[in-house]
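Structure, as structure tokens:
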Amino acid sequence: MSDVLTATVPLGGPTLPQERRIVTSIPGPRSQELLARKAAAVAGGVGHTVPIEAVAAGGGVVVDADGNSFIDLGSGIAVTSVGNAHPAVVAAVQAQVAQFTHTCFMISPYESYVAVAETLNHLTPGDFEKRSALFNSGAEAVENAIKIARKFTGKPAVVAFEHGYHGRTNLTMALTAKNMPYKSGFGPFASEIYRAPLSYPFRDGLNGADAAARSISIIEKQVGAENLAAVIIEPIPGEGGFIVPAEGFLAAIAEWCTANNVVFIADEVQSGFARTGAMFASEHFGIVPDLVTTAKGLAGGLPLAAVTGRADIMDAAHAGGLGGTYGGNPVACAAAIAALDAFENDGLIERAQEVGEILLGRLNALQASDSRIGDVRGFGAMVAAEFVDPATGAPDAALAAAVAKASIAAGVIVLTCGTYGNVIRFLPPLSIDDNLLNEGLDVVAEALAGVAA
Ligand SMILES: Cc1ncc(COP(=O)(O)O)c(C=O)c1O
């Protein structure tokens with residue numbers, strides 16, 4: 001069977017035909033077979049959004065085992081920003097995997113880890129001496145950023161925000177705001193985590209200064225700066241609904257942290273690496289975080305994550321206090337060097353800006369003709385539409401789910417998000433071409449029109 005399968009599987013990467021092509025109902029028969037095996041073999045807690053067996057991906061499409069080709073507006077949740085199976089990433093991985101696959105950086109260091117750290121130190125916001133440490137996942141990076149901040153300040157408490165998402169490990173579940181599906185039944189959670197309100201202009205109507213004053217007052221009254229090691233915030237919350245905070249909100253929080261010996265951590269796991277039309281979303285808000293957590297786009301699809309920040313903070317942890325068996329794996333580092341080179345030198349920031357113009361232009365036009373879209377927001381290739389009941393402004397999660405489902409059935413991968421589940425987020429790979437992106441948005445518009453008001 002594997003010979004037959006190999007012979008019929010198209011190669012991925014940019015050579016894949018860039019077209020939407022639906023030749024079976026979704027899921028098709030081959031995909032149904034795999035999903036039946038999945039149900040019998042894989043833990044039920046591991047869900048999936050698109051009911052297919054993926055066999056190839058590249059440019060702006062994902063192809064399934066039944067020959068269907070989907071327009072990819074999700075990038076595997078903001079991961080394949082350079083494109084799936086980017087040729088430079090593939091070549092770097094192939095060369096490295098033939099050289100050595102693992103020594104453990106904590107046992108026998110190698111150059112590629114150091115090169116990734118150097119590049120991250122240079123690319124992240126802030127003109128000061130920095131250090132980086134590498135890990136396997138975004139959650140692990142966040143855990144380590146908190147460890148480092150606690151060690152540096154000698155203080156225990158951490159403030160996270162409403163609508164925040166930071167991962168599924170015990171500490172990051174505690175930092176994450178939303179109960180279902182991320183936390184329900186998985187407690188008790190890590191202690192000394194406190195939650196502050198976020199700036200959510202569409203729903204709270206507050207300007208940045210007032211929203212920040214509200215949050216700071218709660219932090220001072222309920223936690224106290226003398227107990228607080230770190231504030232962690234996504235400059236644009238991803239899972240929480242691509243909420244763009246009001247102007248001045250993030251800067252005011254960052255300033256308060258600096259004035260109070262509190263480490264300001266920007267979680268750029270979803271928003272980093274050209275995704276928003278800047279190398280990091282923090283740049284849109286003029287903030288310079290003490291520490292930045294990254295993952296997702298960093299290594300072109302291979303698992304790699306990082307904490308990068310001020311050298312004095314990063315160096316506070318004793319030798320052996322940070323690390324892990326696989327953290328900064330050489331194959332993932334080789335992929336990251338290739339991906340980071342593409343981010344820096346292949347015009348991907350500019351491409352994200354162009355993608356953003358198309359996304360915002362099309363979605364704003366759709367909003368003007370359909371009042372069920374309450375808000376359109378975002379930067380670059382990180383843009384979302386929030387669905388509401390036009391009469392009340394109440395979140396309409398059922399509408400977002402129906403539009404996403406119909407879009408997927410018609411061959412366009414879109415993802416929902418938001419605390420209220422009423423947001424569709426658009427995260428195309430930066431390798432998508434304009435025609436495909438526009439066709440994908442046509443399909444979403446048709447899907448919306450097809451759901452009765
Ligand atoms: C902002 C943010 N932080 C942390 C994480 C956790 O990353 P991972 O799933 O790699 O553990 C995510 C994942 O979606 C994220 O969006």
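Counting starts at 1 for both ligands and their atoms, following the listed order. Because only heavy atoms are used, hydrogens play no part in the values below, and waters and symmetry mates are left out as well, while side chains stay in.
Any N or O atom pair closer than 3.5 Å counts here, and Gly138 shares at least one such pair with ligand 1. Residue Ala139 has at least one nitrogen or oxygen atom sitting less than 3.5 Å from a nitrogen or oxygen atom of ligand 1, judged on distance alone.
Residue Asp267 has at least one heavy-atom neighbour below 4.0 Å for each of these atoms of ligand 1: 1 (C), 2 (C), 3 (N), 4 (C). If you number the atoms of ligand 1 from 1 as listed, the ones under 4.0 Å from a heavy atom of Ser137 come out as 10 (O), 11 (O).
Looking at Lys296 against ligand 1, only its side chain comes within 4.0 Å, counting heavy atoms.
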Item to check | salt bridge (Lys or Arg N to Asp or Glu O under 4.0 Å) assessment of Glu268 paired with Arg275 | outcome: CA-CA 10 Å; Glu268 294 244 20; Arg275 175 58 51 193; over 6 Å; no
Next on the checklist: Assess the residue pair Val158 and Tyr194 against the criterion (side-chain contact (heavy atoms from CB on, under 4.5 Å)); give the C-alpha distance rounded to whole Å, side-chain angles, the decisive distance to 0.1 Å, and a yes or no.
Outcome noted: CA-CA 6 Å; Val158 177; Tyr194 302 87; over 6 Å; no
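Relative orientation of the Tyr200 and Tyr420 rings is parallel, given thresholds of 30° and 60° on the angle between their planes.
When the heavy-atom distances from atom 1 (C) of ligand 1 to Glu239, Glu140, Glu234, Glu143 are ranked, the shortest goes to Glu234.
Contact annotation for atom 16 (O) of ligand 1: protein present (non-hydrogen atoms, distance under 4.0 Å).
Atom OH of Tyr326 has 12 or fewer heavy atoms from other residues, nucleotides or ligands within 6.0 Å.
Residue Glu239 forms a side chain to side chain donor-acceptor pair (under 3.5 Å) with just one option from His166, His163, Gln270, and that option is Gln270. Shown are Asp315, Asn121, Asp312, Thr308; of these, the side chain to side chain donor-acceptor pair (under 3.5 Å) with Arg131 is made only by Asp315.
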